[in-house]
Visitor: 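Pasting a structure here, questions to come.
Throughout, protein chains are lettered first and strands after them, A, B, ... in sequence-line order, and every chain is numbered starting at 1.
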2 protein chains.
Amino acid sequence: MTVPLGESIRQSFERRILSGELAPGSRLPTEQEIMAEFGCSRMTVSKALSALTTAGLIERRKRAGTFVVRPRVHAMVLEVPDLAAQVAARGQAYRFRLHRRNEEMVQDGHLAGQRALHLGGTHFADGEPLAIEDRLVSLAAVPAIADADLAAESPGTWLLHHVPWTEADTRIFATGANPAEAEALGLNPGAPCLCIERRTWRGDEPITTVRQLFVASGYELVAHFGPGGAS
Amino acid sequence: MTVPLGESIRQSFERRILSGELAPGSRLPTEQEIMAEFGCSRMTVSKALSALTTAGLIERRKRAGTFVVRPRVHAMVLEVPDLAAQVAARGQAYRFRLHRRNEEMVQDGHLAGQRALHLGGTHFADGEPLAIEDRLVSLAAVPAIADADLAAESPGTWLLHHVPWTEADTRIFATGANPAEAEALGLNPGAPCLCIERRTWRGDEPITTVRQLFVASGYELVAHFGPGGAS
DNA sequence: CAGTGGTCTAGACCACTGA
DNA sequence: CAGTGGTCTAGACCACTGA
């Protein structure tokens with residue numbers, strides 16, 4: 001398990017930056033100097049520094065050189081697994097029950113002016129309500145969903161398998177259940193819930209808007225940040 | 001603004017994969033074939049495919065070839081900005097009040113067996129409580145915090161500027177405020193709150209553990225997924 | 001054991017931009 | 001306008017592994 005030369009150059013500068021030896025804003029040696037230090041070609045140096053650029057640790061400016069980036073907003077990797085898979089992974093039985101399905105013209109939001117399928121349903125884990133969701137799916141972008149059997153598979157799972165999205169926005173916040181939501185989730189009105197609102201696109205084309213409301217005691221999100229990325 | 005050749009190769013395969021033209025599990029052309037298709041050298045092909053590997057779209061297996069990865073868990077980019085900066089960005093006045101500061105031996109958790117600084121305080125936006133936090137900071141890893149002026153700057157902001165972490169785990173969930181928490185946040189007991197628990201490391205060394213409880217109406221997290229990464 | 005990807009070299013021409 | 005990074009070439013040797 002010998003480490004490739006380019007990888008060891010990358011690690012060397014990553015270590016110097018994370019340890020503070022190379023402070024934010026300070027300048028790295030030029031590619032020529034790094035070539036001399038490690039006795040390698042310029043392509044090898046360039047690949048190593050490109051990886052650090054992608055990772056957001058350094059910034060390369062022509063004529064000026066390569067610099068350690070000042071500490072920014074921390075970006076973490078948030079796992080958004082399929083809900084059915086996540087429930088199954090906990091050893092619980094997953095079930096979805098659809099209680100609304102109609103076509104309509106959407107008035108506002110990112111699907112405004114389009115015909116969409118309006119879906120509502122409840123996710124269960126071991127027979128207990130885990131979450132309710134309310135979803136609009138663009139019929140122009142996903143005509144096949146008109147014929148999908150959504151009793152057998154939740155709309156989210158169906159979409160995941162049939163329509164890969166390329167872009168998504170997600171809002172995550174806490175809220176109290178309103179009376180109707182509380183009833184559907186078997187909670188008291190005002191009980192704390194985790195709410196996830198997501199809009200997705202494939203290219204420029206809107207695919208779906210969904211609002212999911214989770215029973216607070218049954219669900220959490222996990223995010224990681226680290227050299228290994230997601231784990 | 002001409003697109004470099006390697007980048008256009010990358011985009012070409014990204015498009016074919018996202019559109020479904022190259023289905024999950026299917027095999028890409030060999031490097032030799034791609035060289036012929038685009039009339040370029042092998043290094044250029046290799047760089048383009050490496051970028052798609054890093055992005056998690058393809059997998060490269062020696063002797064076997066390059067394959068489209070089967071749909072996995074969706075990983076989104078979660079922005080974790082500094083709280084003070086986030087409040088300021090909304091045009092509100094940010095203030096932090098420290099109401100606990102003592103040294104102690106930690107009994108459990110990822111700092112177990114270490115001496116740590118125990119900090120508790122409240123974050124305010126325009127004078128209204130936004131969040132409370134309870135934090136342990138390892139004195140072995142961060143001796144300088146013993147002398148830090150944490151009345152002027154929240155512990156999180158101080159740590160962000162002084163001790164870059166390299167690894168972090170974050171849990172995000174909704175919960176009801178207990179009576180003491182509700183009192184500190186100006187809420188009724190049981191009111192919905194967003195809770196964020198985070199543990200951070202620098203390399204193998206634990207840095208800090210923090211639990212932050214946010215007033216539901218005042219805070220949300222935002223995550224993005226897309227070709228541009230964070231936006 | 002042959003075909004695939006992994007990595008590296010020694011060079012080249014170019015675009016950009018700050019000294 | 002000179003020094004820096006951006007990109008690319010045409011080749012090389014190697015490690016791995018599945019046909």
Side-chain angles (χ1 to χ4, degrees), chain A residues 1-17 22-70 72 227-229, chain B residues 1-17 22-70 72 227-229:
Chain A
M1 188 85 173
T2 79
V3 175
L5 182 51
E7 173 60 15
S8 75
I9 295 174
R10 192 196 65 75
Q11 284 175 11
S12 165
F13 284 99
E14 183 187 64
R15 186 188 51 71
R16 294 188 217 178
I17 292 167
L22 282 168
S26 65
R27 188 183 154 165
L28 270 67
T30 65
E31 294 189 344
Q32 296 296 335
E33 290 165 339
I34 298 172
M35 286 166 65
E37 177 182 348
F38 287 88
C40 68
S41 75
R42 199 176 145 220
M43 268 301 292
T44 304
V45 172
S46 174
K47 257 190 79 174
L49 296 186
S50 291
L52 292 172
T53 305
T54 300
L57 284 176
I58 62 173
E59 184 185 31
R60 314 183 75 189
R61 296 202 290 269
K62 285 175 191 173
R63 164 80 218 205
T66 300
F67 298 84
V68 179
V69 165
R70 299 189 176 279
R72 329 145 287 119
Chain B
M1 190 82 176
T2 80
V3 175
L5 183 51
E7 172 62 12
S8 73
I9 295 174
R10 191 195 67 73
Q11 284 175 11
S12 165
F13 284 100
E14 183 187 63
R15 186 187 52 72
R16 293 188 218 179
I17 292 167
L22 283 168
S26 65
R27 190 184 152 164
L28 271 66
T30 66
E31 294 189 344
Q32 297 295 336
E33 291 165 338
I34 299 172
M35 285 166 64
E37 178 182 348
F38 288 88
C40 66
S41 74
R42 201 176 144 218
M43 267 301 292
T44 303
V45 172
S46 175
K47 257 191 79 176
L49 297 186
S50 290
L52 291 172
T53 305
T54 301
L57 285 177
I58 61 174
E59 183 185 30
R60 315 184 74 189
R61 295 202 291 270
K62 285 175 192 173
R63 165 77 218 208
T66 300
F67 298 84
V68 179
V69 165
R70 297 188 178 280
R72 327 147 286 120

Visitor: Under 4.0 Å between a side-chain nitrogen and a carboxylate oxygen: does that hold for R27(A) and E33(A)?
Guide: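 Not counted as a salt bridge, because no side-chain N and carboxylate O are separated by less than 4.0 Å.
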Visitor: Rounding to a whole Å, what distance do you find between R61(B):CZ and dA15(D):P?
Guide: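 About 22 Å, once rounded to whole Å.
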Visitor: On DNA chain C, check which nucleotide each of T30(B) and S46(B) is closest to and give me the residue with the more 5' one.
Guide: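 Nearer the 5' end of the strand: T30(B).
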Visitor: Please determine, for the side chain of K62(A), which listed nucleotide (dC8(D), dG6(C), dC16(C)) has the closest atom?
Guide: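 Out of dC8(D), dG6(C), dC16(C), the nucleotide with an atom closest to K62(A)'s side chain is dC16(C).
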Visitor: Look at the side chain of M43(A) and decide which nucleotide, out of dT7(C), dT4(D), dC8(D), has an atom nearest to it.
Guide: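 Nucleotide nearest to M43(A)'s side chain: dC8(D).
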Visitor: With the side chain counted from C-beta on, respond yes when I34(A) and F13(A) share a heavy-atom pair under 4.5 Å apart, and no when they do not.
Guide: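 With C-beta onward as the side chain, the pair touches.
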Visitor: Can you measure E31(B) atom CD to dG3(C) atom P for me and round it to whole angstrom units?
Guide: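 It is 15 Å, rounded to the nearest whole Å.
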Visitor: My understanding is that a pair needs two contacts under 3.5 Å, Watson-Crick or G-U wobble. By that rule, which nucleotide pairs with dG18(C)?
Guide: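 Result: dC1(D).
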Visitor: What's the NZ-P distance between K47(B) and dG5(C), to the nearest Å?
Guide: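 Between P of dG5(C) and NZ of K47(B): 19 Å.
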Visitor: Mind checking if L5(A) touches a base, just sugar-phosphate, or nothing, with heavy atoms under 4.0 Å?
Guide: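 Sugar-phosphate: the residue L5(A), judged by heavy atoms under 4.0 Å, touches backbone atoms but no base.
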Visitor: Take the protein atom CZ of R60(A) and the nucleotide atom P of dT17(C), then report the distance between them rounded to whole Å.
Guide: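 So the two atoms are 15 Å apart, to the nearest Å.
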Visitor: My understanding is that a pair needs two contacts under 3.5 Å, Watson-Crick or G-U wobble. By that rule, which nucleotide pairs with dA10(C)?
Guide: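 dA10(C) is paired, partner dT9(D).
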Visitor: How many Å lie between CD on E59(A) and C1' on dT4(D), as a whole number?
Guide: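 These atoms are roughly 14 Å apart.
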Visitor: Quick one: CD1 on I17(B) to CG on L22(B), what's the gap to the nearest 0.5 Å?
Guide: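 Result: 6.0 Å between the selected atoms.
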Visitor: Please name the residue in the list E14(A), E7(A), R15(A) that meets the side chain to side chain donor-acceptor pair (under 3.5 Å) test with Q11(A).
Guide: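 For Q11(A), the side chain to side chain donor-acceptor pair (under 3.5 Å) test succeeds with only one of E14(A), E7(A), R15(A), which is E7(A).
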Visitor: Kindly say if T44(B) contacts the phosphate of dT9(D), meaning a side-chain N or O under 4.0 Å from OP1 or OP2.
Guide: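 It does, given that an N or O in the side chain of T44(B) lies less than 4.0 Å from OP1 or OP2 of dT9(D).
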Visitor: Rounded off to whole Å, could you give me the CZ-to-P distance for the F67(B) and dT17(D) pair?
Guide: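 It is 13 Å, rounded to the nearest whole Å.
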Visitor: Can a donor-acceptor pair under 3.5 Å be found between the side-chain atoms of R42(A) and the base atoms of dG5(D)?
Guide: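 Answer yes: a donor N or O sits under 3.5 Å from an acceptor.
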Visitor: Expressed as a whole number of angstroms, how long is the span from L28(B):CG to dG5(C):C1'?
Guide: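 Rounded to the whole Å, the gap is 13 Å.
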Visitor: Determine whether any donor atom in the side chain of R63(A) lies under 3.5 Å from an acceptor atom in the base of dA2(D), or the reverse, and answer yes or no.
Guide: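 Yes.
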Visitor: Please confirm whether the shortest side-chain N or O distance from T66(A) to OP1 or OP2 of dG5(D) is below 4.0 Å.
Guide: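 Result: yes.
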Visitor: State which residue, out of V45(B), L5(B), L52(B), fulfils the side-chain contact (heavy atoms from CB on, under 4.5 Å) condition with R10(B).
Guide: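 The single option meeting the side-chain contact (heavy atoms from CB on, under 4.5 Å) with R10(B) is L52(B).
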Visitor: Measure CE/M35(A) against P/dT4(D) and give the value in whole Å, please.
Guide: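 For the pair M35(A) CE and dT4(D) P, the rounded distance is 12 Å.
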